[in-house]
*Asks:* 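My questions all concern the structure below.
Here is how names work: the chains are called A, B, and so on, in the same order as the sequence lines, proteins then strands, and each is numbered from 1. Worth knowing before you read on, the calculation uses all heavy atoms, side chains too, and leaves out hydrogens, waters and symmetry mates. Everything numeric here is computed off the predicted structure, so don't read it as measured data.
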Amino acid sequence: MGKELAKTYDPSGLEDRLYQKWLDKKYFHAEVDHSKTPFTIVIPPPNITGQLHMGHALDNTMQDILIRFKRMQGYNALWQPGTDHASIATEVRITEKLKEEGIDKHDLGREKFLERAWEWKKEYGGRIISQLKKMGSSCDWDRERFTMDEGCNRAVTEVFVKMHEKGYIYKGARIINWCPVCNTSISDAEVEYQEQAGHLWHIKYPVMKEDGTPSDTEFLTFATTRPETMLGDTAVAIHPEDERYSHLIGKSVMLPLMNRVIPVVTDTYVDREFGTGVVKITPAHDPNDFEVGKRHDLPVINVMNDNASINENGGKFAGMDRYEARRAIVKELEALGLLVKIEDYTHNVGTHDRCKTTVEPLVKEQWFVKMEELIKPAAEAVKNGEIRLIPERMEKTYFNWTDNIRDWCISRQLWWGHRIPAYYCDECGECVVAGQAPQQCPKCGCTHLTQDPDTLDTWFSSALWPFETLGWPEQTEELKYFYPTDVLVTGYDIIFFWVIRMIFSGYEHMGEKPFRTVLFHGLVRDGQGRKMSKSLGNGIDPLEIIEKYGADALRLTLITGNAPGNDMRFYYERVENSRNFANKVWNASRFIMMNMDGKTVTVPSAQELQPVDRWILSRLNTLVKDATDNMENFELGIAVQKVYDFIWDEFCDWYIEMVKPRLYNTDDAVSQNAALWTLKTVLTDALKLLHPYMPFITEEIYCTLQEMEEEHSESIMISRWPEYLEERSFPKEEKAIEIIKEAVRGIRNVRSEMNVAPGRKASVHVVSQDKEILDTFEEGKLFFASLASASEVVLQMDKAGIDPDAVSVVIPGATLYIPFADLVDIAQELQRLEKEQKRLEGELARVNGMLSNERFLSKAPEAKIAEEKEKLAKYTKMKEQVDARLEQLR
RNA sequence: GGAAGCAUAGCUCAGCUGGGAUGAGCGCUCGCCUGACUAGCGGGAGGCCAAGGGUUCGAGCCCCUUUGCUUCCACCA
C-alpha cells in the first residue's frame, strides 16, 4: 500500500504541517506579472488589540475561498494583509493596563506612553496574525502592512496636507460629541444611542415685565431632560406661528439661578405639538440649540469642563459633576417654586461606543473633513453600478448615509495614532499645515512652532488602506497592477465607518474606485440569536473549535446555509456535521486509494467506460459548471452545498456502491481499471472544487493521491480549477442511471416496509416492453443486483412465469416483481398500490389541468410545455402499469 | 419619526431571473456492525411556505394591506 491513511480524519498536526509547506513554497506570494490577470483582495485590517473571534473567522474564510478559487483559476491572486493601530481601542486598553500598574497616563507623558503603545503593538500585533494563519488564510504575508508603518504614515500626511490645500479639511468650532471619560471628541458614527429611563423636568422661567423686573405671575414653562444645561441657556424659543405665545415675541425671561435675562426667540425648529411648545436654548450643549443660536446670533456659553463637571461659567455650581449639579439645580428650582413637575421618561441617550459613557455635546475647535463634494463620486459609483454591493439591499443603507452626509470630525484628543500635521506659531498663533515641521513661522518668522497635539480618527488611515498598502503615495508597480482591487469582504456594520470612506478616498486620491464589488456578510450570533459579546460571555472561540474539529470543519460551518448579508447562528451540531463530512471525504478517499494500491490505473478508452462511469462523470461535469457559476456570483454557500451533496450523496452513496462489485471482481481487469480511473478522476476534481472551502483535508488527500502517480503535482493549491467539458456530458446515461436508482429505491422501500431481513436476497424480475430500459438494466445488472439485494435479476418483456403473488414496484417504463411468496400480504400489497395509484392520479390531474389550459399553452414557454408533456407520458404509463397490476391482484 | 430585513418541517436555515416543496443539517422514528466510514448505511414520519387581498395561464418568490420579531439611521426639548 502506497500510504496508509488513518481510519478517522484527524486534523491536528496535519494543518500546521501543510500551512508551513504552503509558506515554504511561497504559494501565497504574488508578484507583478503582466502575463496574468490580477485578482486582489485587501484584508479588513484587524485591530492589534484583537483576538480572533467568529466575525474574523467568517470574514477571512470568505476571502480565502475567493482568493484560492481565483488562484486555481489561473489569476494572479493577491490577498493583501495587515493590521490596524485602532487608535482609541488600543489607547483605552493601554490606559487600563497602566491604571492596573497604578500609573496615570498623564503622569507618564505622551512620549513614554507611546513607547508603551509600541511595546503593546509588538507584543499583541502578531497574535491576531498567527490566529488568522490557523484558519488557513492564504494571505501574502511578505506584504504585511500596518496602518502606522512608515508608508502609511506618509500616505496619511500626504492626504491631510493635500486635502487641506484643497479646502476639504478645515478647523472650526463646532458642536461635537465629547466623551468625558476618554477625554476626546468622537465622530457621529461612534455615538451609540441607548434607550434609558430618565426624567422629564418641567421648569418655568419668569417673564420679564416692562419695568425690567421678573413677573411673579407670568411664566414660560418647558420640559428638559438635562436641567443642568440651563446654566448655559441664552434664550427661550417658541414657534413663530404659535398663537399661545405670540404676545411674548420680543420679550425676555429671567434665567433663574444665574439671574441672567435672556430673550424669547422664534424658530421653526420648535415643535408646537411637543410639550408646551417652548424650548430652552443652550447653544453650547446641544446640537440643535447650537444651530438655533447661530440663526439668532445668540451667545454660546460653555458651562462644562472636559470631564463633564461644571466650570466657572456655572456660578455656584462650578466644580460639581454634571449629575451632582443636576440634583442641586432641581432642588433649588423646586425651592424657588419654579419646578412644575417631574415625569418619568425613557429616551435615547447618546453613549460612546467604546466605553458606554454618556456623551456630552460640546463646542470645541476640531478638524473636519468637508464631505459635500467628496461624497459625490462615491454615491455616483454605486448608483451607476461601477461598484456593486452584495446583497443589493445594502445600497439603501449606503445612500441613506451619502444623502445625509455631515462633515467628518477627524481630530481626536488621543496620543496613539497619526498626529495631525498642523503646527502653531508660539508667537503669533499662525497655523501651518505641512508634511514636515516648518523651520519658521511664515507670518512672523518666529522659529518656535508647536505641533497640534491631536491625532486623527483611526478610520482616516483605514480609508486609504486599498492603495496605501500597495505603495501609495509612491507610484509603485504593484499599485498600477493590483489596483483597483476586486472584492472587499466585510460586515455590514462598518459600511459607514469604513466602506464609504474608502470609496470616496479612492476616487479622490487615485481617481478610481478602490474595489469593484463589496461582499457583505452578517453577524455570527450565538445559539439563541444573541450577539456574541464579552459582557454576555457568550462568545465562542474559533481557536477552540479549530482545536477540536479542525479549521476545515469551522470554515465549512461558517459558509454553508448562509446568504450574503444575513446573520447566522452558531451551533456546535453544525460543526459536528462539518467534521463528519470531512471524515466522509477522508474515508471515501481512503477506500479509493486502498483499491488503487498496487495497480497502475490507465486512462480507459471510451468503450471501456460503463454507463455508470459516464453517469458520474456527467454529474461531476454539471457540478463543475454550477458550482463555478455560483462562486463567480459570490453565492459561496450555495456552491459548497452542491459540492457537499455531490460528494456525499451521488459519489459516496451511489457511485462507490455501484462500482464495488467491479472492484472486487479481479477477472475483469478492464472494467476494474475503468472504475478505478473514474473514481480517481471524480475524486480529484471534487477535491479541487472543495479546496477553497476545506483547504487542509483536500490538500492532504490530493497529495497522497498524487504520490501514487509517476508524475505528481505537489499541491492542490496550484492545480487547475476544473472546467466544464462538453465531451464529458452524457445526458442519456444520466437518465438511464436515474431509472435504475429509482428501481433500487423502490425495492429498498418495499423490503423495508415488509420487514425483509437485509441479509435475505430475492430474485428480481424487471418487466418492460422498452428495449432500451432492458438494456440499461442488463448493463447495470451487477451493481443493480447488489444494491437491490437481488439473488438474481431476470429481464423480460412480459410477466410470464412470475408468481402472481409477487411484490411489485412500478417505476417509469418498467415494473419490477419480487417473489416473496411467504411474506406477501395481498391486502397490504393492494393498499400500497392504491396509494401509488392515488398519487399518480393527482399528478396526472395537475399536468392535465395545465396542458388543457389554452392560456397556458399559448403563453407558457415552449420548454415548459414540452416538460409537462413528457411528464404526462411518464405518469400515464406508470398509471397503466399500476392499474394493470391492481387488476391482476384483484 | 424614517428605512431595511426576517416570518418555509419539531429546531436552525437554503430556495437563482415566478413553473411540480423528492430542500439541507440537527432532532424524531423503524431497520442494519452490508469487505471506506456507527463521525456510518438503508427506510420513514413531519410543511394549506405568517394573515388577507391583487397581478399572472401559473406566486414561497412580484405588488398592496395587516400582524409579529430583528436591525440600521435620525433623535424633539
*Asks:* Please determine whether a side-chain nitrogen or oxygen atom of A:N566 lies at a distance below 4.0 Å from atom OP1 or OP2 of B:rA14.
*Replies:* yes

*Asks:* Taking RNA chain B as the partner, which of residues 648-658 of chain A come within under 4.0 angstrom of it by heavy atom?
*Replies:* A:W648, A:C652, A:D653, A:I656, A:E657

*Asks:* Does the structure show a Watson-Crick or G-U wobble partner for B:rA3, both distances under 3.5 Å? Name it, or say none.
*Replies:* B:rU71

*Asks:* Figure out the CG/P separation between A:L857 and B:rG58, and round it to whole Å.
*Replies:* 14 Å

*Asks:* Going by distance alone, is a donor N or O of one side chain under 3.5 Å from an acceptor N or O of the other, for A:D267 and A:H239?
*Replies:* no

*Asks:* Would you classify A:F496 as touching base, sugar-phosphate or nothing, given that sugar-phosphate means primed atoms plus P, OP1 and OP2, and contacts are heavy atoms under 4.0 Å?
*Replies:* sugar-phosphate

*Asks:* Between B:rC49 and B:rC62, how far apart are the P atoms? Round to whole Å, please.
*Replies:* 16 Å

*Asks:* Looking across every strand, which nucleic acid part, if any, lies under 4.0 Å from A:D286 by heavy atom: base, sugar-phosphate, or nothing?
*Replies:* sugar-phosphate

*Asks:* Using both distances under 3.5 Å as the test, list the Watson-Crick or G-U wobble partner of B:rA21, or none.
*Replies:* none

*Asks:* When the P atoms of B:rU56 and B:rG42 are considered, how many whole Å apart are they?
*Replies:* 47 Å

*Asks:* Across all strands, who's sitting opposite B:rU34 as a Watson-Crick or G-U wobble pair, both distances under 3.5 Å?
*Replies:* none

*Asks:* So what does A:R393 touch, heavy atoms closer than 4.0 Å: a base, only the sugar-phosphate, or nothing?
*Replies:* sugar-phosphate

*Asks:* Quick one: label A:K660 by what it contacts on the DNA or RNA (base, sugar-phosphate, nothing), any heavy atom closer than 4.0 Å.
*Replies:* base

*Asks:* Tell me whether the count of non-hydrogen atoms from other residues, nucleotides or ligands lying under 6.0 Å of CD in A:E195 goes above 12.
*Replies:* yes

*Asks:* Could you work out which one of B:rG25, B:rC72, B:rA36 sits closest to the side chain of A:R590?
*Replies:* B:rA36

*Asks:* Report which part of the nucleic acid A:N583 touches: base, sugar-phosphate, or nothing (heavy-atom distance under 4.0 Å, all strands).
*Replies:* base

*Asks:* Verify the contact: side-chain N or O of A:Y269 to OP1 or OP2 of B:rA77, cut-off strictly under 4.0 Å; return yes or no.
*Replies:* no

*Asks:* What integer distance in Å separates A:H285:NE2 from B:rA77:C1'?
*Replies:* 16 Å

*Asks:* Please report the C-alpha distance between A:S786 and A:K660 in whole Å, then the side-chain angles of each, then the deciding distance to 0.1 Å, and finally whether the side-chain contact (heavy atoms from CB on, under 4.5 Å) criterion is met.
*Replies:* CA-CA 9 Å; A:S786 100; A:K660 274 179 180 172; over 6 Å; no

*Asks:* Take atom P in B:rG54 and the same atom in B:rG47, then report the distance between them in whole Å.
*Replies:* 27 Å

*Asks:* Is A:Y664 stacked on the base of B:rG35 when the test is centres under 5.5 angstrom and planes under 30 degrees?
*Replies:* yes

*Asks:* The side chain of A:N400 is closest to which nucleotide in this list: B:rC26, B:rC73, B:rA39?
*Replies:* B:rC73

*Asks:* Ring-plane angle category for A:W401 and A:F496, please: parallel below 30°, perpendicular beyond 60°, tilted otherwise.
*Replies:* parallel

*Asks:* For A:R525 and B:rU70, give me the distance from atom CZ to atom C1', rounded to whole Å.
*Replies:* 7 Å

*Asks:* Starting at NZ of A:K396 and ending at P of B:rA4, how long is that distance when rounded to a whole Å?
*Replies:* 5 Å

*Asks:* Rounded off to whole Å, could you give me the CG-to-P distance for the A:N587 and B:rG40 pair?
*Replies:* 10 Å

*Asks:* How long is the span from the OG1 atom in A:T678 to the CZ atom in A:R662, to the nearest 0.5 Å?
*Replies:* 6.5 Å

*Asks:* By the definition ring-ring contact (aromatic ring centres under 6.0 Å, His included), identify the one residue from A:F651, A:Y644, A:F646 that meets it with A:W648.
*Replies:* A:Y644

*Asks:* For B:rC75, take OP1 and OP2 only and decide whether either is under 4.0 Å from a side-chain N or O of A:R406.
*Replies:* yes

*Asks:* More than 12 non-hydrogen atoms from neighbouring residues, nucleotides or ligands closer than 6.0 Å to CD on A:E547, yes or no?
*Replies:* no

*Asks:* Touch check for A:Y875, heavy atoms < 4.0 angstrom, all strands: base, sugar-phosphate only, or nothing?
*Replies:* base

*Asks:* Using the P atom in both, what is the distance from B:rA24 to B:rG44, to the nearest Å?
*Replies:* 12 Å

*Asks:* At under 4.0 Å between heavy atoms, what does A:R272 touch on the DNA or RNA strands: base, sugar-phosphate, or nothing?
*Replies:* nothing

*Asks:* Determine the interatomic distance between C1' on B:rU71 and the same-named atom on B:rU17; round to the nearest Å.
*Replies:* 28 Å

*Asks:* Quick one: do A:E576 and A:K548 satisfy side-chain contact (heavy atoms from CB on, under 4.5 Å)? Show the steps, please.
*Replies:* CA-CA 10 Å; A:E576 274 172 29; A:K548 197 163 167 209; 5.6 Å; no

*Asks:* Without decimals, in angstroms, what is the distance between A:F274 CZ and B:rG1 P?
*Replies:* 13 Å

*Asks:* Determine the interatomic distance between C1' on B:rC64 and the same-named atom on B:rC48; round to the nearest Å.
*Replies:* 22 Å

*Asks:* Looking only at atom P, what distance separates B:rC33 and B:rA21, rounded to whole Å?
*Replies:* 38 Å

*Asks:* B:rG40, OP1 or OP2 - any side-chain N/O from A:N580 closer than 4.0 Å?
*Replies:* yes

*Asks:* Just call it for A:N288: base, sugar-phosphate, or nothing, with non-hydrogen atoms closer than 4.0 Å on any strand.
*Replies:* sugar-phosphate

*Asks:* In whole Å, what is the span from the CZ atom of A:R569 to the P atom of B:rU71?
*Replies:* 12 Å

*Asks:* With a 4.0 Å cutoff (strictly under), does any side-chain N or O of A:K7 reach OP1 or OP2 of B:rC37?
*Replies:* yes

*Asks:* Any chance the rings of A:Y205 and A:F222 have centres within less than 6.0 Å?
*Replies:* yes

*Asks:* Map A:F581 and A:E753 onto RNA chain B by nearest heavy atom, then report which one ends up closer to the 5' terminus.
*Replies:* A:F581

*Asks:* Counting N and O atoms only, with roles assigned by atom type, does the side chain of A:E190 sit under 3.5 Å from a partner on the main chain of A:S187, one being a donor and the other an acceptor?
*Replies:* yes

*Asks:* When all nucleic acid strands are considered with a 4.0 Å heavy-atom cut-off, which category describes A:F222: base, sugar-phosphate, or nothing?
*Replies:* nothing

*Asks:* In Watson-Crick or G-U wobble terms, both distances under 3.5 Å, what is the partner of B:rA59?
*Replies:* none

*Asks:* Look at the side chain of A:R574 and the backbone N and O of A:T557, then say whether any donor-acceptor pair between them is shorter than 3.5 Å.
*Replies:* yes

*Asks:* So what does A:K584 hit on the nucleic acid, given a heavy-atom distance under 4.0 Å: a base, only sugar-phosphate, or nothing?
*Replies:* base

*Asks:* Under a 3.5 Å cut-off for both distances, is B:rG44 Watson-Crick or wobble paired, and to whom?
*Replies:* B:rC28

*Asks:* Where each residue is assigned the nucleotide of RNA chain B containing its nearest heavy atom, which of A:D188 and A:D271 is assigned the position nearer the 5′ end?
*Replies:* A:D188

*Asks:* Students often get this wrong, so: under 4.0 angstrom with heavy atoms, is A:N348 touching a base, only sugar-phosphate, or nothing?
*Replies:* base

*Asks:* Base, sugar-phosphate alone, or nothing: which one does A:P287 contact when heavy atoms must sit under 4.0 Å apart?
*Replies:* nothing

*Asks:* Just by distance, do the side chain of A:R555 and the backbone of A:M694 share a donor-acceptor pair under 3.5 Å?
*Replies:* no

*Asks:* Rounding to the closest angstrom, what is the interatomic distance between B:rU8 and B:rC61 at atom C1'?
*Replies:* 12 Å

*Asks:* Taking 4.0 Å as the cut-off, does a side-chain nitrogen or oxygen of A:N749 come that near to OP1 or OP2 on B:rG43?
*Replies:* no

*Asks:* Expressed as a whole number of angstroms, how long is the span from A:M878:CE to B:rU22:C1'?
*Replies:* 13 Å

*Asks:* Whom does B:rC16 pair with, Watson-Crick or G-U wobble, provided both distances fall under 3.5 Å?
*Replies:* none

